Amino acid sequence: MEEFQEIAHTGGKIEFVYSEEEQGVSIRISHVNPWATTMVQLCISYDGKVLDFVPSAGIGAVIPYPQPSLLAFLLSDKEGLFGQSCPKCDSYFRSDAISGTTTCPYCGQTDKGIEFLTKNQLKFLDHFCGSFITAHNEKQSIILDLDEILNNMDGNSPEWIYPEERQQTKKKCECRCVYDILGDYGVCPSCSRANFKEIITEKFDSLEAQFNEINGTVTDRSDREVEWEKLTRCVSEFEALANNLRIHLIKIPATPKRKSDINRLSFQRIMNCSSAIKSWFDIDIFKGIKTEEQEFLNKMFNRRHVFTHNGGRIDQEYINNTGDTTVRINQTIKFKSKEIKRLIPLVRKCSDNFVAGYDSIK
């Protein structure tokens, strides 16, 4: 599946059926296409404001909802998902659960589901209600054949017939909610459960498999050194995880200075960030990691920094940060297989500790 591919509206037919006998309009929705569709019900005020989602119920059941209002229906895309837009960070994602309370997968903002409706969805609902009112006022039935409209779309297609957009990572949460987000780290829009553990496990499983394959198949020394340098990206994976966790940690009540300190914390400096996170949140990134292993991690994090920003040449900053007496200023360093073999599981342990500590916060 291609990233950012347009996902068409699910289509179907919406009929506003006017009854002379009852002097009113009933709504009939049908769908016979061979793909997914999801439908939700909302109530709209007479001046066009979306009031709330209305739960579905069986025949004869009475569901209370804000009055006076009109009932309207919103249909999904062809994958059964709805686009959503965060009212705080304005980021876009898709989900099959949009009613009730929604959490932004990116920034963690939690609000009523109606606050996450997109501009296109609001236009659709406006047209839906307008068609209902027209049918009532003109005492005639109106049919919106979405399939026909979609099949004949051109540059002048009505704004309320819109596609959604596939993002990059599609997940199904334990609560059964399916969501599609940019990047890979995020929280479930329905239950707010973070996917950090799942994602970091996948990443380090892949890194360890790559190491084993290279160590068993690549024999040339220079080629191996190039591959070991690539695998130091395990440090980048830790930093990416930590930066995503930071977004949610900063939502915990704290003084302005503490929030500012959290924002400025550099996860490239493993010793400093470990001490700070332990002090601020009682999360021990080094839990179960011996002192000598912590010193090794500090050295390897700083070596990777040297490779990234100084072409692999040792500088005074590296010496100051690590106390490494085995190298000289301006010396070009290389990574060895035994270092990478030791590094990956240790960084994985730090990552697991960070996620476990975050999950323990109530």
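Throughout, numbering of the chain's residues begins at 1 and tracks the sequence. None of the values given here were measured: they were computed from a predicted structure.
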Student: Determine whether Lys170 and Glu79 satisfy the following criterion, salt bridge (Lys or Arg N to Asp or Glu O under 4.0 Å), listing intermediate values before the conclusion.
Tutor: CA-CA 11 Å; Lys170 190 176 180 181; Glu79 294 184 347; 3.4 Å; yes

Student: Between Lys336 and Glu227, is the closest basic N to carboxylate O distance under 4.0 Å?
Tutor: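 No, this pair does not count.
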
Student: Can you name the closest pair of heavy atoms from Tyr185 and Asn195 and give their distance?
Tutor: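 So the minimum-distance heavy-atom pair works out to CA-OD1, 3.5 Å.
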
Student: So which atom in Gly80 and which in Thr38 form the shortest heavy-atom distance, rounded to 0.1 Å?
Tutor: O-OG1, 3.0 Å

Student: Does the pair Asp111/Lys88 count as a salt bridge with the N-to-O cut at 4.0 Å?
Tutor: no

Student: What residues, two or more places apart in sequence or in another chain, satisfy side-chain contact (heavy atoms from CB on, under 4.5 Å) together with Arg264?
Tutor: Ser260, Asp261

Student: Is Asn302 reaching over with its side chain to a backbone N or O of Asn298, donor-acceptor style, under 3.5 angstrom?
Tutor: yes

Student: Going through the distances and angles, do Ser206 and Gln210 end up as a side chain to side chain donor-acceptor pair (under 3.5 Å)?
Tutor: CA-CA 6 Å; Ser206 176; Gln210 289 177 53; 3.1 Å; yes

Student: Nearest 0.5 Å, please: how far is CG in Asp284 from OG in Ser275?
Tutor: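 Answer for the OG-CG pair, Ser275 versus Asp284, is 10.5 Å.
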
Student: Checking Thr322 side chain against Lys299 main chain: does a donor-acceptor pair fall under 3.5 Å?
Tutor: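 Such a contact is absent between Thr322 side chain and Lys299 backbone.
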
Student: Sequence neighbours excluded, which residues qualify as side-chain contact (heavy atoms from CB on, under 4.5 Å) partners of Arg193?
Tutor: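 Result, side-chain contact (heavy atoms from CB on, under 4.5 Å) vs Arg193: Cys173, Glu174, Cys191.
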
Student: Salt bridge between Lys171 and Glu198, side-chain N to carboxylate O under 4.0 Å?
Tutor: yes

Student: Check whether any side-chain N or O of Ser274 sits under 3.5 Å from a backbone N or O of Met271 as a donor-acceptor pair, and report yes or no.
Tutor: no

Student: Could you tell me if the ring centre of Phe93 sits under 6.0 Å from that of Tyr179?
Tutor: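 For Phe93 and Tyr179, the ring centres are not under 6.0 Å apart.
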
Student: Check for a donor-acceptor pair, side chain of Asp96 on one end and backbone N or O of Cys177 on the other, with a separation under 3.5 Å.
Tutor: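 It does not hold such a pair.
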
Student: Going by atom types only, do Ser45 and Asp47 share a side-chain donor-acceptor pair under 3.5 Å?
Tutor: yes

Student: Hey, could you give me the CG/CD1 distance between Asp126 and Ile44, rounded to the nearest 0.5 Å?
Tutor: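 If I round to the nearest 0.5 Å, the distance is 9.0 Å.
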
Student: Check the side chains of Thr291 and Glu295 for a donor-acceptor pair under 3.5 angstrom, ignoring hydrogens and angles.
Tutor: no

Student: Parallel, tilted or perpendicular: which describes the rings of His9 and Tyr162, with under 30° parallel and over 60° perpendicular?
Tutor: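 It falls in the perpendicular class, over 60°.
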
Student: Would you call Arg348 and Asp205 a salt bridge, taking side-chain N to carboxylate O under 4.0 Å as the test?
Tutor: yes

Student: If you compare all heavy atoms of Ala97 against all heavy atoms of Ser95, which two are closest, and at what distance to 0.1 Å?
Tutor: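 Result for this residue pair: N-OG, 3.0 Å.
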
Student: Check Glu165 with Arg94, please: is the shortest side-chain N to carboxylate O separation under 4.0 Å?
Tutor: no

Student: For Asp324 and Thr326, what are the C-alpha separation, side-chain angles and deciding distance, and is it a side chain to side chain donor-acceptor pair (under 3.5 Å)?
Tutor: CA-CA 6 Å; Asp324 188 354; Thr326 65; 2.6 Å; yes

Student: Can you find a pair of side-chain heavy atoms, one from Arg303 and one from Glu339, that are under 4.5 Å apart?
Tutor: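 They are in contact (side-chain heavy atoms under 4.5 Å apart), so the answer is yes.
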
Student: Could you grab the distance from atom CD of Gln294 to atom CD1 of Ile285, nearest 0.5 Å is fine?
Tutor: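 Atom-to-atom, Gln294:CD and Ile285:CD1 are 10.5 Å apart.
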
Student: Are Asn320 and Gln316 close enough, and set up right, to give a side chain to side chain donor-acceptor pair (under 3.5 Å), and what steps lead you there?
Tutor: CA-CA 6 Å; Asn320 293 341; Gln316 188 61 51; 3.0 Å; yes

Student: Looking at Phe296, I'd like to know if the NZ or CZ of Arg342 sits under 6.0 Å from its six-membered ring centre while staying within 45 degrees of the ring's axis.
Tutor: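 Verdict for Phe296: a cation-pi partner in Arg342.
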
Student: With a cut-off of 6.0 Å (strictly less than), are more than 12 heavy atoms of other residues, nucleotides or ligands near CD of Gln168?
Tutor: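 Yes, because the 6.0 Å sphere around CD of Gln168 holds more than 12 heavy atoms from other groups.
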
Student: Is there a chain of hydrophobic side chains (I, L, V, M, F, W, Y, each step under 4.5 Å between heavy atoms) that links Ile27 to Ile143?
Tutor: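 No.
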
Student: When you check the gap from the basic side-chain N to the acidic O, do Glu239 and Arg304 get nearer than 4.0 Å?
Tutor: yes

Student: Indicate if Ile247 and Phe116 have the same hydrophobic cluster label, given that clusters are the connected sets of ILVMFWY residues with side-chain heavy-atom separations under 4.5 angstrom.
Tutor: no

Student: As a quick check of understanding, evaluate side chain to side chain donor-acceptor pair (under 3.5 Å) for Glu164 and Tyr92, giving each step before the final call.
Tutor: CA-CA 10 Å; Glu164 298 294 357; Tyr92 174 87; 2.6 Å; yes

Student: Just wondering, more than 12 heavy atoms not from Lys287 lying within 6.0 Å of its NZ?
Tutor: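 Atom NZ in Lys287 is not crowded, with 12 or fewer foreign heavy atoms closer than 6.0 Å.
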
Student: Does a salt bridge link Glu115 with Lys112, judged by any charged N lying under 4.0 Å from a carboxylate O?
Tutor: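 So Glu115 does not pair with Lys112 through a salt bridge.
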
Student: Side chains of Arg224 and Asn215: donor-acceptor distance under 3.5 Å anywhere?
Tutor: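 Side-chain D/A pair, Arg224 to Asn215: present.
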
Student: Among side-chain atoms of Tyr65 and Gln41, is any donor-acceptor pair under 3.5 angstrom?
Tutor: no

Student: Would you name the heavy atoms of Leu74 and Ile98 that are closest together and state the gap between them?
Tutor: CD2-CD1, 4.2 Å

Student: What heavy-atom pair brings Ile319 and Val327 nearest, and what distance separates the two atoms?
Tutor: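 Closest approach of Ile319 to Val327: CD1-CG2, 3.9 Å.
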
Student: Determine the minimum heavy-atom distance between Arg328 and Ile314, stating which atoms define it.
Tutor: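 Scanning both residues completely, I find the closest heavy atoms to be O-CB, 3.3 Å.
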
Student: Do Phe128 and Trp160 have ring centroids that are under 6.0 Å from one another?
Tutor: no

Student: Should we count NZ of Lys341 as having more than 12 external heavy atoms under 6.0 Å?
Tutor: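 Not buried by this count: 12 neighbours or fewer within 6.0 Å.
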
Student: Can you confirm whether more than 12 heavy atoms, excluding those of Glu6, are under 6.0 Å from its CD atom?
Tutor: no

Student: Taking the basic N atoms (NZ, or NE/NH1/NH2) and the acidic carboxylate oxygens, is any pair closer than 4.0 Å for Lys139 and Glu21?
Tutor: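 No, this pair does not count.
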
Student: Looking just at side-chain N and O atoms, do Arg246 and Asn243 make a donor-acceptor pair shorter than 3.5 Å?
Tutor: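 Yes, side-chain donor-acceptor contact under 3.5 Å.
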
Student: What about the rings of Phe196 and His248, do their centers lie closer together than 6.0 Å?
Tutor: yes

Student: Is there a donor in the side chain of Asn33 and an acceptor in the side chain of Asp147, or the other way round, less than 3.5 Å apart?
Tutor: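 Side chains of Asn33 and Asp147: pair found under 3.5 Å.
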
Student: Quick one: ring pair (Phe, Tyr, Trp, His ring centres under 6.0 Å) pairs with a partner in residues 298-318, sequence neighbours left out?
Tutor: Phe238-Phe301, His305-His309, Phe307-Phe335

Student: Is the positively charged end of Lys78 above the ring of Trp35, judged by distance under 6.0 angstrom from the centroid and angle within 45° of the axis?
Tutor: yes

